[in-house]
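Can you read through this structure? Questions will come right after.
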Amino acid sequence: MPRYEYKPFTYRTPAELSGGEPRRAPVVIVGAGPVGLAAAIDCALHGVPCVVLDDNDVVSLGSRAICWSKRTLEIFDRLGIGERMVEKGVTWKVGRLFHRDREVWSFDLLPEAGHKMPAFINIQQYYVEQYLVERAAEFPDLIDLRWKNRVTGVAPRADGVQVSIETPDGAYALDADWLIACDGARSPVRGMLGLDFAGRVFEERFLIADVEMKAEFPSERWFWFEPPFHNGQSALLHKQPDGIYRIDLQLGWDADPDEEKKPENVIPRIEKVIGHRDFELDWVSVYTFQCRRLERFMHGRVVFAGDSAHIVSPFGARGGNGGIQDVDNLIWKLAMVVRGEAPESLVATYDEERIHGADENILNSSRSTAFMTPKTEMERIFRDSVLDLAHEHEFARKLVNSGRLSKPCGLVDLSLQTPVGEGAGVAPGTAMPDAPVANGDADWLLGHVGGRFTFLAVEAAIPDDLPAGLDRVLVTADRSRRANGATTLFDEEGHAIARYGAGRSYLVRPDQHIAARFDAASGEAVSAALRRATGRGA
């Protein structure tokens with residue numbers, strides 16, 4: 001199968017250098033990777049114009065982020081590329097763990113039916129970027145995507161930011177109300193503001209090798225502790241589209257990255273893993289474990305998202321997924337502020353909620369690193385004992401840690417959510433679970449919620465005095481039931497009612513997180529929850 005063909009995107013002279021009228025942009029996004037492009041599309045879906053600046057003119061080289069979680073796929077589906085990603089990607093939900101030459105146990109990440117999106121897919125980052133670029137092109141009046149525009153200076157101001165930019169045609173300045181830095185782990189914007197990460201760099205190096213081959217490995221995640229083919233270290237195998245397989249091999253801190261990336265050193269290692277030489281190298285990289293973040297993600301009108309804000313180890317697939325969940329949290333808030341519908345303090349809750357998410361990811365990544373690469377004899381004895389016991393005992397399996405795989409961050413008890421007492425249903429702060437519904441034809445619940453605040457009633461009444469501007473959705477098993485002014489969805493399989501609880505209703509945020517839950521909703525209670533969820537008071 002032919003390998004991915006990298007095609008440069010078209011550079012165009014910016015209007016500022018071609019005699020056009022200088023203009024102030026509501027939002028400037030630095031970086032056209034998955035996080036920056038997702039932010040741009042979400043801005044467009046909220047009707048907010050943006051300018052995207054990238055110093056390159058091609059998608060990322062190498063597969064890079066490949067594991068995309070169910071929640072992230074649901075976000076991508078709302079942005080318009082989720083189905084395309086699933087169609088191209090390798091779907092998987094089973095992971096297998098090996099210790100030396102023995103399988104310790106396996107796990108199923110999505111054992112229940114009734115979800116549109118799978119637990120995970122594997123698809124190379126360059127495909128994701130390509131799909132996002134093509135989707136962004138569908139908003140020519142709202143997304144100004146500028147390739148070969150390198151940011152050289154950022155000057156924060158009280159009411160915005162001035163950005164200095166270099167292009168093949170010369171330099172220019174661009175004023176913006178807000179700047180979102182999505183420019184990666186080595187973020188130039190972060191450096192221009194004199195900001196640094198706090199956290200830890202672990203003394204371990206890992207080799208990533210993408211190899212093209214014909215093989216019968218199943219679509220599963222295989223992880224080895226101390227495999228026979230890589231003695232004393234760890235290894236990971238993942239299947240990708242186009243006959244590409246990702247192999248991660250622990251190297252140790254004393255490994256020389258430049259030497260380890262040479263084909264004459266990589267190829268013998270891969271031969272030991274797969275047992276033959278019938279493969280071709282597609283991409284090779286060496287990385288270190290890092291668990292670090294900025295102290296704050298917001299600095300005036302400059303907001304950091306993705307790797308520019310936080311870095312975690314690749315094991316657990318929390319980097320790319322966390323970045324997409326950053327912009328899912330940020331953009332609806334920023335759009336409401338830009339449109340004058342909410343106070344600027346609403347954007348500040350991005351710090352509260354996504355620092356919480358980053359810390360959760362960092363904690364899980366740090367624990368994974370400690371288990372995978374024990375630094376003391378006692379840590380190694382503990383690790384090996386857990387692996388021995390896990391083959392037979394359920395309690396030990398919960399202690400095995402080869403990278404706790406990405407899950408949506410819960411926002412329970414944070415400031416925008418209305419607290420509730422004990423009770424069945426989905427807790428405020430939780431990302432909505434999907435469910436099959438019918439709306440004429442077979443459909444999915446999440447396809448009717450997102451992008452706007454929504455009142456969701458599950459076999460419950462919809463109050464007549466709800467706040468203006470709320471979308472209304474009724475889920476019912478009764479085919480004869482309708483609600484004026486509401487989208488009626490029929491739960492023929494019972495998944496939605498079982499997950500949300502009959503007789504309950506919810507206020508849902510634009511990012512598909514639950515803001516409030518009601519046993520008996522009233523217009524007054526919903527109005528109070530909406531004020532709280534939009535930063536206008538508890």
| field | Residues forming a salt bridge (charged side-chain N to carboxylate O under 4.0 Å, His left out) with R354, sequence neighbours excluded | value |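 R354 satisfies salt bridge (charged side-chain N to carboxylate O under 4.0 Å, His left out) with D326 only.
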
| query | Does anything in residues 297-309 pair up under salt bridge (charged side-chain N to carboxylate O under 4.0 Å, His left out), and if so which pairs, sequence neighbours excluded? | reply |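 The answer is R301-E344.
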
Please output the side-chain donor-acceptor pairs of residues 332-342 that fall under 3.5 Å, not counting sequence neighbours, one pair per line with the distance.
{"from": "W332", "atom 1": "NE1", "to": "N329", "atom 2": "O", "distance (Å)": "3.2"}
{"from": "W332", "atom 1": "NE1", "to": "D511", "atom 2": "OD2", "distance (Å)": "3.2"}
{"from": "K333", "atom 1": "NZ", "to": "N329", "atom 2": "OD1", "distance (Å)": "2.8"}
{"from": "K333", "atom 1": "NZ", "to": "T349", "atom 2": "OG1", "distance (Å)": "3.0"}
{"from": "K333", "atom 1": "NZ", "to": "E353", "atom 2": "OE1", "distance (Å)": "2.8"}
{"from": "R339", "atom 1": "NE", "to": "E341", "atom 2": "OE1", "distance (Å)": "3.3"}
{"from": "R339", "atom 1": "NE", "to": "E341", "atom 2": "OE2", "distance (Å)": "3.0"}
{"from": "R339", "atom 1": "NH1", "to": "H46", "atom 2": "O", "distance (Å)": "2.9"}
{"from": "R339", "atom 1": "NH2", "to": "E341", "atom 2": "OE1", "distance (Å)": "3.0"}

| Which residues satisfy the side chain to side chain contact (heavy atoms under 4.5 Å, CB included) test with H495, sequence neighbours excluded? |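 With neighbours one apart ignored, the set is A435, P436, E493, R499.
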
| Quick one: does R452's side chain have a donor or acceptor within less than 3.5 Å of a partner on G469's backbone? | yes

Could you list the donor-acceptor pairs under 3.5 angstrom formed between side-chain atoms of residues 427-434 and any protein atom two or more places apart in sequence or on another chain?
{"from": "T430", "atom 1": "OG1", "to": "A427", "atom 2": "O", "distance (Å)": "2.8"}
{"from": "D434", "atom 1": "OD1", "to": "L445", "atom 2": "N", "distance (Å)": "3.2"}
{"from": "D434", "atom 1": "OD1", "to": "L446", "atom 2": "N", "distance (Å)": "3.0"}

| query | Taking atom CG of D359 as the centre, does the number of heavy atoms from other residues, nucleotides or ligands within less than 6.0 Å exceed 12? | reply |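 Buried by this count: over 12 neighbours within 6.0 Å.
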
| said: We want to know whether H310 and N361 form a side-chain donor-acceptor pair, criterion being a heavy-atom distance below 3.5 angstrom. | reply: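 Their side chains do not contain a donor-acceptor pair, so the 3.5 Å distance test is not met.
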
| Expected output: side-chain W68 to main-chain I123 donor-acceptor under 3.5 Å | yes

| request: Using salt bridge (charged side-chain N to carboxylate O under 4.0 Å, His left out) as the criterion, list what pairs up with E352, not counting sequence neighbours. | output: none

| message | Please check: side-chain N/O of R482 versus main-chain N/O of R479, any donor-acceptor pairing under 3.5 Å? | response | yes

| message | Tell me whether D465 at atom CG has more than 12 heavy atoms from other residues, nucleotides or ligands lying less than 6.0 Å away. | response | yes

| Just wondering, more than 12 heavy atoms not from E112 lying within 6.0 Å of its CD? | yes

| message | Going by side chain to side chain contact (heavy atoms under 4.5 Å, CB included), name the residues that satisfy it together with D519, two or more places apart in sequence or in a different chain. | response |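 In terms of side chain to side chain contact (heavy atoms under 4.5 Å, CB included), with neighbours along the sequence ignored, D519 is linked to R504.
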
| message | Which residues pass the side chain to side chain contact (heavy atoms under 4.5 Å, CB included) test with F9, not counting sequence neighbours? | response |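 For F9, the residues satisfying side chain to side chain contact (heavy atoms under 4.5 Å, CB included) (neighbours in sequence not counted) are V59, V133, W147.
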
| request: Answer yes or no: is there an ion pair linking E394 with R397, defined by an N-O contact shorter than 4.0 Å? | output: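 Looking at R397 together with E394, the answer is yes, because their closest N to O distance falls below 4.0 Å.
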
| query | Hey, is E134 close enough to R84 for a salt bridge, meaning N to O under 4.0 Å? | reply |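 The answer is yes: the pair qualifies as a salt bridge.
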
| Does S308 reach the main-chain N or O of F304 with its side chain, forming a donor-acceptor pair under 3.5 Å? | no

| Nearest atoms (heavy-atom pairs only) where V28 meets A176 |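 Closest pair (atom of V28, atom of A176, distance): CG2-CB, 3.5 Å.
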
| task | Would you check if the side chain of K93 reaches a backbone N or O of L110 as a donor-acceptor pair within less than 3.5 Å? | result |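 The answer is yes, because a donor-acceptor pair under 3.5 Å joins these two groups.
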
| request: Could you tell me which residues satisfy salt bridge (charged side-chain N to carboxylate O under 4.0 Å, His left out) with R71, sequence neighbours excluded, listed by chain and number? | output: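 In terms of salt bridge (charged side-chain N to carboxylate O under 4.0 Å, His left out), with neighbours along the sequence ignored, R71 is linked to E74, D328.
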
| Taking all atoms of both residues into account, what is the closest heavy-atom pair of I41 and R135, and its distance? |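 In this case the closest contact between I41 and R135 is CD1-CG, 3.6 Å.
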
| Can you list the residues that meet the side chain to side chain contact (heavy atoms under 4.5 Å, CB included) rule with A502, with sequence neighbours excluded? |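 With sequence neighbours excluded, A502 shows a side chain to side chain contact (heavy atoms under 4.5 Å, CB included) to E459, I497, given in chain and number order.
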
| What is the distance from atom CZ of F223 to atom CG of L237, rounded to the nearest 0.5 Å? |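 With rounding to 0.5 Å, CZ (F223) is 12.0 Å from CG (L237).
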
| said: Against S63, only a single residue in Q124, R246, Q125 fulfils side chain to side chain donor-acceptor pair (under 3.5 Å); can you say which? | reply: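 Among the candidates, only R246 passes.
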
| field | Test log, rule side-chain contact (heavy atoms from CB on, under 4.5 Å), inputs V347 and L330 | value | CA-CA 7 Å; V347 183; L330 171 64; 4.1 Å; yes

| Taking only residues two or more places apart in sequence or in another chain, which ones pass ring pair (Phe, Tyr, Trp, His ring centres under 6.0 Å) with W444? | none

| request: Compute whether any side-chain donor of one residue and acceptor of the other, for D242 and Y127, lie under 3.5 angstrom apart. | output: yes

| Just by distance, do the side chain of Y350 and the backbone of V303 share a donor-acceptor pair under 3.5 Å? | no

| field | Counterpart residues, ring pair (Phe, Tyr, Trp, His ring centres under 6.0 Å), relative to W105 (two or more places apart) | value |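 Result, ring pair (Phe, Tyr, Trp, His ring centres under 6.0 Å) vs W105: F107.
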
